[in-house]
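Here is the structure we will look at.
Naming: A, B, ... by sequence-line order, numbering from 1 per chain. All values derive from a computational prediction rather than experimental measurement. Hydrogens, waters and symmetry mates play no part in the numbers below; they use all other heavy atoms, side chains included.
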There are 2 protein chains.
Amino acid sequence: MSEVFEPLLRALLQRDHLSADEVAQIRSLPFRKRICERGEQIIPDGARLRESCLVINGFTVRASHLRSGKRQINGLHVPGDFVDLPALLLKKISHNVVALNECEVVFFPHRDLRELCEREPHLTRMLWLLTVCDGAIAKEWITSIGRRVPEEHLAHLICETYTRLNVAGLARDNRFDFPITQADIADIMGLSVVHMNRTIQELRSTGEVTWKGTSVSILDFEALATRADFDATYLNLWKEPR
Amino acid sequence: MSEVFEPLLRALLQRDHLSADEVAQIRSLPFRKRICERGEQIIPDGARLRESCLVINGFTVRASHLRSGKRQINGLHVPGDFVDLPALLLKKISHNVVALNECEVVFFPHRDLRELCEREPHLTRMLWLLTVCDGAIAKEWITSIGRRVPEEHLAHLICETYTRLNVAGLARDNRFDFPITQADIADIMGLSVVHMNRTIQELRSTGEVTWKGTSVSILDFEALATRADFDATYLNLWKEPR
DNA sequence: CGTATGGTTGATCTCACTCAAGGGTTGTGG
DNA sequence: CCACAACCCTTGAGTGAGATCAACCATACG
């Protein structure tokens with residue numbers, strides 16, 4: 001089953017050309033697959049890791065917990081995202097990764113990734129690029145949470161998620177499936193659940209977004225992007241020799 | 001003058017062993033030096049970059065601007081920080097970098113960094129590691145801004161900055177120089193200047209922190225770290241084969 | 001000196017939190 | 001097949017944190 005690598009290759013090929021040999025090198029990586037239940041902790045906080053996890057199917061979030069009991073989500077992973085690739089270098093990560101819905105994930109041993117990086121400088125840079133894009137998203141989130149008002153922030157999150165899912169081939173025609181609870185979105189945006197609910201209703205009432213169950217529709221993407229000050233540059237979705 | 005490379009080597013050697021040859025390879029990188037005035041924009045927003053910038057001396061911040069005129073700072077760079085190393089892969093960055101005080105920075109052409117990465121897999125990973133640490137800081141900032149109350153957030157920022165400056169050899173005995181205005185800290189924490197001022201006064205009044213001019217003193221680091229829920233793990237300041 | 005910049009203070013108002021309860025849907029067991 | 005529990009969404013009311021507005025002070029600088 002080669003589908004394991006499709007989301008990843010899709011993410012890479014969006015950003016640079018890969019030779020047939022490079023594609024083959026990636027495809028030859030050994031892996032173990034795992035199905036995770038909704039709510040399951042995929043990667044525990046503070047663990048010492050010997051493999052890195054790639055999401056094939058489903059949504060996961062990266063969260064930190066404070067002593068006070070508060071929780072902040074600082075990352076959202078869609079299929080094709082190399083959830084904890086940084087662990088290849090860090091060995092230890094200080095947040096945990098949780099499945100939002102039933103997920104299919106695969107783990108690649110660090111040993112094999114390491115060997116790949118020893119012989120393939122260009123692929124190394126492409127993996128590096130993935131972690132850099134992840135960092136760019138985090139920086140954009142800082143801006144959202146710090147200076148965008150909740151409606152703008154939510155609009156931005158929707159634009160970003162749509163764009164990322166579109167790359168993964170999971171969103172089109174201004175619609176996508178977003179299996180997340182309002183409590184989780186509140187933990188993304190740093191708001192209370194009650195206020196989160198009211199913010200969503202605000203976007204609904206203006207007709208900008210239709211959100212029923214897990215189905216999100218954007219009436220006019222351009223308009224929403226303008227409202228949110230969303231500029232996809234930071235996602236680096238263009239081909240370029242890297 | 002080899003001091004150009006000291007802050008960088010310090011940052012790297014803190015996290016892994018480097019061979020004499022590797023150190024020599026770094027030292028042999030060609031560069032151009034520049035002095036930046038306080039408030040000067042070092043790297044313009046959206047520019048196409050052919051070199052990456054390392055801070056030798058002074059403080060810089062990375063900021064985003066919204067249409068509304070609001071500004072959010074999403075990164076703080078201390079000496080030894082490779083400010084826009086991600087640009088090596090991204091080519092284009094969507095935020096700008098500004099000097100907080102008079103800074104000494106050096107630029108390394110991407111061509112040379114690229115060549116270095118082609119032949120040195122381990123050094124590549126070390127540079128990669130720097131960008132990953134930068135990302136880890138951004139994630140921690142999301143948590144701070146989203147879920148820490150202003151006093152905790154400020155305490156966390158102080159602990160983080162002290163720890164990072166300590167690595168750079170610029171802080172010890174619980175004291176450091178922090179040439180930043182309250183308006184800038186407000187843009188880091190996503191607060192208004194007035195409230196920022198009151199938050200600082202709060203930390204001062206409890207005696208946890210002395211802050212006069214640009215000199216910041218921490219009365220009891222452990223106590224402040226506890227208050228802020230600060231755990232330096234995310235800074236990855238230990239030696240490990242990467 | 002006058003001016004600019006940054007820090008400080010007070011008053012007012014609004015946004016967002018908390019608390020508390022009700023409603024809808026799904027799944028499960030009697 | 002219905003009752004109940006669990007989970008999530010929704011709504012209302014009261015409170016408080018943080019924004020905004022508007023001054024005033026301190027220091028550095030030309």
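- Evaluation of the salt bridge (Lys or Arg N to Asp or Glu O under 4.0 Å) rule for A:E152 yields no partner, not counting sequence neighbours.
- Annotation: ring-ring contact (aromatic ring centres under 6.0 Å, His included) contacts of A:F107 (sequence neighbours excluded): none.
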Walk me through it: do A:V193 and A:N197 pass the test side-chain contact (heavy atoms from CB on, under 4.5 Å)? CA-CA 6 Å; A:V193 192; A:N197 178 272; 5.7 Å; no
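- When each of A:E51, A:E104, A:E40 is tested with A:R34 by the rule salt bridge (Lys or Arg N to Asp or Glu O under 4.0 Å), just one qualifies, namely A:E40.
- The span of DNA chain C lying next to chain A, judged by atoms under 4.0 Å from heavy atoms, is bounded 5' to 3' by C:dA16 to C:dC19.
- Scanning for salt bridge (Lys or Arg N to Asp or Glu O under 4.0 Å) contacts around A:E102 gives an empty result, with sequence neighbours left out.
- Remark on DNA chain D: of its neighbouring residues A:I180 and B:V193, the 5'-side contact belongs to A:I180, judged by nearest-heavy-atom nucleotide.
- Counting any heavy atom pair closer than 4.0 Å across all strands shown, A:G39 reaches no nucleic acid atom.
- Of the N and O atoms on the side chains of B:D231 and A:S94, not one donor lies less than 3.5 Å from an acceptor on the other residue.
- Among the protein residues, A:T181 comes within range of the sugar-phosphate backbone only, with heavy atoms under 4.0 Å from sugar or phosphate atoms but none that close to a base.
- Legend: residues meeting salt bridge (Lys or Arg N to Asp or Glu O under 4.0 Å) with B:R164, ordered by chain and number and at least two apart, are B:D81, B:E160.
- Contacts between residues 194-215 of chain B and DNA chain D, defined by a heavy-atom separation below 4.0 Å, involve B:V194, B:H195, listed by number.
- Residue pairs meeting the ring pair (Phe, Tyr, Trp, His ring centres under 6.0 Å) criterion with at least one partner in residues 45-73 of chain B, sequence neighbours excluded, are B:F59-B:F178.
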Dot-bracket for DNA chain D, 5' to 3', counting Watson-Crick or G-U wobble pairs under 3.5 Å, with [ ] for crossing pairs and | for inter-strand pairs? ||||||||||||||||||||||||||||||
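- Within the structure, every pair that satisfies the salt bridge (charged side-chain N to carboxylate O under 4.0 Å, His left out) test and touches residues 201-223 of chain B, not counting sequence neighbours, is listed here: B:E208-B:R227.
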Full working for side-chain contact (heavy atoms from CB on, under 4.5 Å) between B:I188 and B:L157: CA-CA 9 Å; B:I188 286 177; B:L157 179 68; 4.2 Å; yes
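- The salt bridge (Lys or Arg N to Asp or Glu O under 4.0 Å) search around B:R172 returns none, not counting sequence neighbours.
- In the model, A:R38 has no side-chain atom that pairs as donor or acceptor with a side-chain atom of A:N101 under 3.5 Å.
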N/O contacts under 3.5 Å, protein versus nucleotides 23-30 of chain D?
none

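- Pairs passing the salt bridge (charged side-chain N to carboxylate O under 4.0 Å, His left out) check and including a residue from residues 176-200 of chain A, sequence neighbours excluded, read A:R71-A:D184, A:R71-A:D187, A:D187-B:R147.
- Separating the CG atom of A:N101 from the C1' atom of D:dC8 is a distance of 16 Å, rounded to the nearest angstrom.
- When rounded to the nearest whole Å, the span between CZ of B:R147 and P of D:dA17 equals 16 Å.
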